[in-house]
Amino acid sequence: MPATVPQSTLPLVVGTSALRKEAPEKVTGQARYIDDVVMPDMLWGVTVRSSVPRGVLKGIRFDDGLPWNEFTIATAIDVPARNVVVFIEHDQPLLADHEIRHNEEPVLLLAHADRQMAELARRHVHLDVEPLPAVLTIEDSLAANTLIHGTDNVLKRVEIVKGSVDEAWAAADLIIEGEYRTGAQEQLYIEPQGVIAQATPQGLTVWGSMQCPYYVHSALVALFGLDPGAVRVVQTETGGGFGGKEEYPSIIAGHAALLSWKAGGRPVKLIYDREEDMAATTKRHPSRTRHRTAVSRDGRLLALDIDFVLDGGAYVTLSPVVLSRGAIHAAGAYTCPNVRVLARAVATNLPPQGAFRGFGAPQSLFAMERQIDRIAHTLGLSPEEVRRRNFLHDGLSTATGQIIHDGTNLDSLLDRALYTAGYHEKRARFQHENPRSHIKRGLGIATFLHGSGFTGAGEKMLGSVAGVEATPEGRVRVLAASTEIGQGTNTIFCQIVADALELPYSQIEKVQPDTEVVPDSGPTVASRTCMIVGRLVETAAVGLRQALVQARLLKPGFSVAEFEEACRVWHEKYGPLKSYSQYRLPGSIRWDDKLYRGDAYGGYGWGAYVAEVSVDTTSWEVTLENFVAVQDIGRVVNPVLAAGQVEGGVAQGIGWALQENVVWTNGRMENCQMTNYIVPTSVDLPRIDVQFVEVPNALG
């Protein structure tokens with residue numbers, strides 16, 4: 001915990017909508033994304049991919065008529081060390097060398113000084129593949145008639161047990177069943193995947209659009225067999241991620257680096273166009289959830305039996321952590337004495353699925369919310385009342401047995417959301433509208449929780465480190481691997497440090513993530529950047545200030561000029577002025593990863609949403625008329641950025657529900673263009689009224 005900081009004479013920045021640090025460069029076009037970067041003697045890389053979902057690679061043919069001697073060509077045999085993308089499981093090859101497990105699987109790489117020539121050449125390489133039976137659905141994978149992974153096609157299994165579900169059935173007034181499905185969803189970040197790599201036996205550097213530089217670093221060390229100190233990864237300005245640039249950049253970075261390695265160290269730029277990005281990269285996992293729920297006549301949950309299945313695609317990638325989060329959230333924001341969750345991620349011959357905003361929780365929470373509505377309808381109760389009778393409150397336990405003590409109040413969140421939306425008045429009015437009208441109106445509600453940070457002891461295993469550095473001039477630089485991908489990392493870290501050091505916000509800057517410069521703060525995922533790394537940054541800032549005080553260079557109540565003078569003297573006497581902080585698991589958190597019992601997360605976010613919808617029963621056009629989102633996310637560091645995050649998440653949820661539809665044909669995304677994969681525009685979205693209720697969390 002950071003030391004107590006005396007009240008500053010400067011106004012606090014945390015809690016205000018400070019200007020985004022990178023805003024001027026972005027709005028004036030000065031920000032340099034990876035495709036803006038050009039290096040001397042640079043080659044352009046492209047990827048040759050499989051066009052079948054499963055098979056055996058028999059050979060590679062090159063058409064006559066092209067100057068193949070001008071190209072750098074790389075296959076699996078050229079990987080210097082291990083032909084595997086190191087991650088949770090080491091099952092995915094960088095380049096397929098024998099077995100083809102999905103459409104768009106990379107097999108061969110080409111590079112040429114002329115970008116158009118590289119694109120042309122890609123069309124004149126042919127893969128001879130002997131097709132094998134493919135598994136393309138969850139049901140086919142579970143049937144295990146065709147094995148593509150292990151003995152049962154299961155990539156990961158999680159079981160959660162609380163109480164005794166089987167004994168609860170006899171006491172139930174009703175047993176209600178339901179099955180719910182969600183499809184894949186494309187992250188559709190505004191900037192496609194892209195990197196530049198320069199690789200020699202002496203060292204390797206990759207610059208690119210990414211969320212997690214140290215993930216890429218670990219993958220490159222294994223692929224090339226280099227000492228970690230010889231590998232450098234630099235995040236360039238990144239145009240969105242949403243989870244899609246979490247683990248996938250390890251693959252494209254490996255491809256570009258391999259081409260550079262074979263080209264004698266010439267830099268290689270590898271940038272996907274939109275079609276390739278959508279067809280080849282990861283998506284939100286499709287899901288199937290089956291609920292069997294024992295309830296009393298007054299709407300109380302007595303037992304939840306949940307079968308939750310994700311389509312993981314051809315390789316493990318992030319499926320274990322996506323499944324874990326989905327399983328833990330499957331019982332929703334409700335208390336129930338008896339819970340059984342059987343969760344599985346299964347292998348198919350689709351391209352591997354990965355992370356997407358909320359990763360796993362949106363799939364299972366959607367199913368739980370629909371089941372609650374089904375229970376309400378069956379019992380003749382209102383959806384509001386069934387939720388209220390089962391809400392988690394402080395002192396009650398989740399499905400994993402975690403006792404809630406967040407201080408949140410879901411009843412009050414729901415009260416505020418319903419009042420803001422005019423829910424009761426509108427619902428009564430809609431029930432008395434002309435029954436002959438072809439326009440039908442309704443309101444839907446949802447309540448939920450969302451765990452912040454890595455599950456259980458995950459943060460302890462990461463052991464994240466963050467720091468701050470003061471220059472001789474008294475400017476302060478935040479040292480963290482957490483990336484800015486549009487969500488506001490640069491800004492909120494600077495706000496936190498400004499308050500901790502009692503300095504102007506303008507005096508703080510965030511260093512661009514570079515594995516040669518910043519420590520490993522863990523990945524920019526899982527709602528952990530502000531809660532976990534933000535606390536580390538704050539602690540490091542307080543430590544830096546204490547160092548100056550202990551050296552008798554500062555006194556309480558110092559001015560900005562005195563801080564700058566103290567930094568100058570420190571550098572003259574002692575050299576660099578840096579302070580670091582490493583994550584330590586609070587003693588209050590207990591988690592059993594084998595039994596999935598205990599404190600799954602250090603803190604939760606809570607929400608209550610209301611959607612007002614009209615449906616034209618002639619055209620079946622759905623129009624969202626209004627949307628209210630009330631959130632408890634703890635302390636709001638920057639209200640404008642926080643509201644923007646909620647608005648963006650709501651927009652993606654609306655798109656997933658109403659417009660976005662991944663069309664699979666023989667295991668390939670057929671509609672991999674922005675003309676036929678439709679996402680909401682501003683015209684399709686209603687006003688999204690975002691309101692925050694601040695209940696600060698002691699651990700973040």
Side-chain angles (χ1 to χ4, degrees), residues 34 37 39-45 47 72-97 106-111 193-236 238 245-271 315-317 461-465 479-481 483 511-524:
I34 191 62
V37 179
M39 293 186 175
D41 207 25
M42 188 175 74
L43 301 175
W44 291 88
T47 310
T72 298
I73 302 173
T75 63
I77 199 172
D78 296 305
V79 178
R82 301 173 59 198
N83 180 31
V84 63
V85 182
V86 170
F87 204 51
I88 295 174
E89 299 288 343
H90 303 166
D91 66 329
Q92 184 173 13
L94 183 71
L95 292 168
D97 60 352
V107 177
L108 179 140
L109 306 168
L110 297 168
Q193 303 270 357
V195 299
I196 296 176
Q198 190 163 23
T200 69
Q202 291 72 45
L204 188 166
T205 301
V206 168
W207 301 262
S209 180
M210 64 187 72
Q211 291 181 230
C212 311
Y214 275 94
Y215 279 3
V216 178
H217 185 273
S218 297
L220 294 172
V221 167
L223 286 165
F224 289 85
L226 294 171
D227 183 271
V231 176
R232 180 186 180 193
V233 178
V234 183
Q235 183 223 13
T236 53
T238 298
K245 293 178 183 173
E246 181 173 345
E247 87 283 14
Y248 194 87
S250 295
I251 295 174
I252 188 172
H255 290 166
L258 183 58
L259 284 169
S260 177
W261 184 277
K262 280 210 72 177
R266 293 178 67 179
V268 173
K269 177 184 281 192
L270 189 51
I271 306 287
Y315 297 107
V316 172
T317 62
M461 290 185 287
L462 281 176
S464 299
V465 178
L479 306 174
T483 54
V511 173
Q512 192 75 4
D514 177 342
T515 58
E516 201 171 78
V517 177
V518 302
D520 187 354
S521 312
T524 307

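Excluded from the calculations below are hydrogen atoms, water molecules and symmetry mates; all remaining heavy atoms, backbone and side chain alike, are included. FYI, the numbering just counts along the sequence from 1. Small disclaimer: the values here were computed from a predicted structure and weren't measured.
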Does the side chain of [X] reach to within under 4.5 Å of the side chain of [Y], using non-hydrogen atoms?
{"X": "I34", "Y": "I271", "value": "yes"}
{"X": "L258", "Y": "D78", "value": "yes"}
{"X": "P93", "Y": "Y315", "value": "yes"}
{"X": "D514", "Y": "P213", "value": "no"}
{"X": "I252", "Y": "T47", "value": "no"}
{"X": "L109", "Y": "V268", "value": "no"}

Rounded distance [0.5 Å steps], [atom1] in [X] versus [atom2] in [Y]:
{"X": "T72", "Y": "K262", "atom1": "OG1", "atom2": "NZ", "result": "7.5 Å"}
{"X": "K245", "Y": "Q211", "atom1": "NZ", "atom2": "CD", "result": "8.0 Å"}
{"X": "L204", "Y": "D227", "atom1": "CG", "atom2": "CG", "result": "12.5 Å"}
{"X": "W44", "Y": "I196", "atom1": "CH2", "atom2": "CD1", "result": "7.5 Å"}
{"X": "L259", "Y": "L43", "atom1": "CG", "atom2": "CG", "result": "8.0 Å"}
{"X": "Q193", "Y": "T238", "atom1": "CD", "atom2": "OG1", "result": "9.5 Å"}

Has the side chain of [X] got a donor or acceptor atom that lies under 3.5 Å from a matching backbone atom of [Y]?
{"X": "S260", "Y": "R266", "value": "yes"}
{"X": "D91", "Y": "V316", "value": "yes"}
{"X": "K269", "Y": "V37", "value": "yes"}
{"X": "T205", "Y": "Q198", "value": "no"}
{"X": "T524", "Y": "T483", "value": "yes"}

Shortest non-hydrogen contact from [X] toward [Y]:
{"X": "L462", "Y": "P523", "value": "CD1-CD, 3.9 Å"}
{"X": "V86", "Y": "A222", "value": "CG2-CB, 3.2 Å"}
{"X": "V518", "Y": "Q512", "value": "CG1-O, 4.3 Å"}
{"X": "P40", "Y": "P267", "value": "O-CG, 3.5 Å"}
{"X": "A253", "Y": "V216", "value": "CB-CG1, 3.7 Å"}
{"X": "V221", "Y": "P228", "value": "CG2-CA, 3.8 Å"}

Open item on the list: I'd like to check the salt bridge (charged side-chain N to carboxylate O under 4.0 Å, His left out) partners of E516; sequence neighbours left out, ordered by chain and number.
Closed with: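 Residues passing salt bridge (charged side-chain N to carboxylate O under 4.0 Å, His left out) with E516: R232.
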- [ ] Look at the aromatic rings of F224 and W261 and report parallel, tilted or perpendicular, splitting at 30° and 60°.
- [x]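 Ring orientation, 0 to 90° scale: tilted.
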- [ ] Please say which of T75, I77, L94 ends up in a side chain to side chain contact (heavy atoms under 4.5 Å, CB included) with N83.
- [x]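 Option passing the side chain to side chain contact (heavy atoms under 4.5 Å, CB included) with N83: L94.
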